[in-house]
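The structure appears right after this line, and notes come after that.
Atoms within a ligand are numbered from 1 in the order they appear, just like the ligands themselves.
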Amino acid sequence: MMKPRARIIGTGMYVPDRVVTNDDLAKRMDTSDEWIRQRTGIEERRYIEPGQQPADLASAATKNALEAAQLGPEDIDCIVLTTLSSQADFPGTSFFLQDQLGLSDTPCFDVRAQCSGFIYGLAVGNGFIHSGMYRRVLVVGCEVHSTGIDISDEGRDVAVIFGDGAGAALLEANDDESDDSGLLEIRLHAEGKFAKKLWIEAPGSGFWPVRINHELIDERRHFPYMEGRFVFKHAVRRMPEVLLETLHAASLKLEDVDLFLFHQANLRINEFVMEQMGIPAERCSNNIQRYGNCSSASIPILLDEAARSGRLEPGHIVSMTSFGSGFTWASAVLRW
Ligand code: COA
C-alpha cells in the first residue's frame, strides 16, 4: 500500500489589532519611515495589546484553520508549534495552546528552528503522517516579538524589523491514489557555527550560577543581537540553494511553480533572490510591508492569505523557502 502523503486541508492566521507604524517607532528611537522602508520594505507591523499571550494568537489562527477544514479541535491528532518567542521558559507555547483549544490529552510540543520553524514543523508533521503514526497534525507558527525587542536607539537595527503574529496549517493524510495534492518534497539545513550571529543569549542556562540577573539586563544581553549584513549575505545565498535542491528532488523546474512564498525577513532579501533566480514579481507574494518579520509565523500567514484570496487553485505548485537564526534554511514544495 502507498504511504500517505500529507496535504494541507485548512489554513488560518491571526495578527493583533494594534498597528505600529514606522512613524510610531520613530517617536521612540532614532529612526525614520524612510530608512525603514528603503532598507526593509516594512511600513507597519502588529504588536500585542497588554494581557494578550502568544497562545491567544496561536489559538485564533488555529480556529481559522479548523473552520476552513470544517473540523474541530478534537480532530487534531498532534500539535506542532514553532516559535522562537515562547510564552514561558518551559513548557512550550503548544501546551498553553492545547489547553485553550479545550483538549486534554492530545500530544503537543514546540519546535525551535527560528525563522525556518514552520518548514521544520511541516517536515515533522509530514513525517508523522508518512509513517502512519498520526492522520492529522496541526502545525502552527506563533511569535510575539514586541515584548523581546529593544525599542531604543541601541536596538533600532533589530527592533524595526519584527512584528507579532501566528499562522496555522492543518495537515491530513492523503491516501487517495487518484489525488496527487500534498507535500511533495522538503529539505532542511542548519549551520550552528553562526548561532551567535543572530541570537538572544539571556536568560540562558549557559549562564552560571543563574540564567538571568541585573548585570545581564544592564548589559542588554536579553535583547536580540544581529549582524545584519552577515545575515543578509547568507540568506541570499542559502535560499536559492535550498529552493532549487527541493524542486530538483520533486523533479520540478522553476517555471513549474505557480507561487513562491519566501520568509519575510526583509523585502530587499526577497527582491534580490527573485532577481537572481529570474522569478517574476507576480509569481511571488510578500506581506512584510504590513506585518514586518513574524519569524516562523511569516510563511503560514502568507499561505493563508494566498488561500483565502483565491490565488491558489487546486493543482497549483507552491514553493516555500526560509532562512533564519541558527543559521537555518529550508524549503518545501507542495501541490495544492
Ligand atoms: N534606523 C536608522 N538608522 C539605522 C537603523 C534604523 N532602524 N538601524 C541601523 N541604522 C544605521 C546604522 O547605525 C548605520 O549607521 P552608520 O552608517 O552611521 O554607522 C547605518 O544605518 C547602516 O547600518 P547597517 O547595519 O550597515 O545597515 P544595513 O544596510 O545592513 O541594513 C538591516 C540593516 C538590518 C536592514 C539589514 O542588514 C538586514 O536586513 N539584514 C538581514 C536581517 C535579517 O534578515 N534578519 C532576520 C533573519 S530571520
Got the closest protein heavy atom to atom 48 (S) of ligand 1, with its distance? C115 SG, 3.1 Å
Do E219 and R221 sit within salt-bridge range, that is, some charged N less than 4.0 Å from a carboxylate O? yes
The protein heavy atom nearest to atom 46 (C) of ligand 1 is N293 ND2, 3.7 Å
Among protein heavy atoms, which lies nearest atom 43 (C) of ligand 1, and at what distance? V231 CG1, 3.7 Å
Should L198 be listed as contacting ligand 1, given a heavy-atom distance under 4.0 Å as the test? yes
For V160, which part has a heavy atom under 4.0 Å from ligand 1: side chain, backbone, both, or neither? side chain
F95-F109 aromatic ring centre distance below 6.0 Å: no
Polar proximity ligand 1 side, I36 side, N/O cut 3.5 Å exclusive: no
Protein contact of atom 10 (N) of ligand 1 - nearest heavy atom, named by residue and atom, plus distance: W35 CZ2, 3.4 Å
Considering distance alone, does some N or O of T31 sit under 3.5 Å from an N or O of ligand 1? yes
Report yes if R156 has an N/O atom closer than 3.5 Å to an N/O atom of ligand 1; otherwise report no. yes
May I ask you to identify the nearest protein heavy atom to atom 39 (O) of ligand 1, giving residue, atom name and distance to one decimal place in Å? N266 ND2, 2.6 Å
By number and element, which atoms of ligand 1 are closer than 4.0 Å to a non-hydrogen atom of G324? 48 (S)
Quick one: does atom 3 (N) of ligand 1 have a protein heavy atom under 4.0 Å from it? yes
Nearest heavy atom to atom 26 (O) of ligand 1 wins, so pick from R229, R268, M226, H234. R229
For W329 versus A190, what's the shortest heavy-atom pair and its separation? CZ3-C, 3.7 Å
Any protein heavy atom under 4.0 Å from atom 30 (O) of ligand 1? yes
For atom 37 (O) of ligand 1, what is the closest protein heavy atom, and at what distance to 0.1 Å? G228 C, 3.1 Å
With respect to R39, determine whether any N or O atom, backbone or side chain, lies less than 3.5 Å from an N or O atom of ligand 1. yes
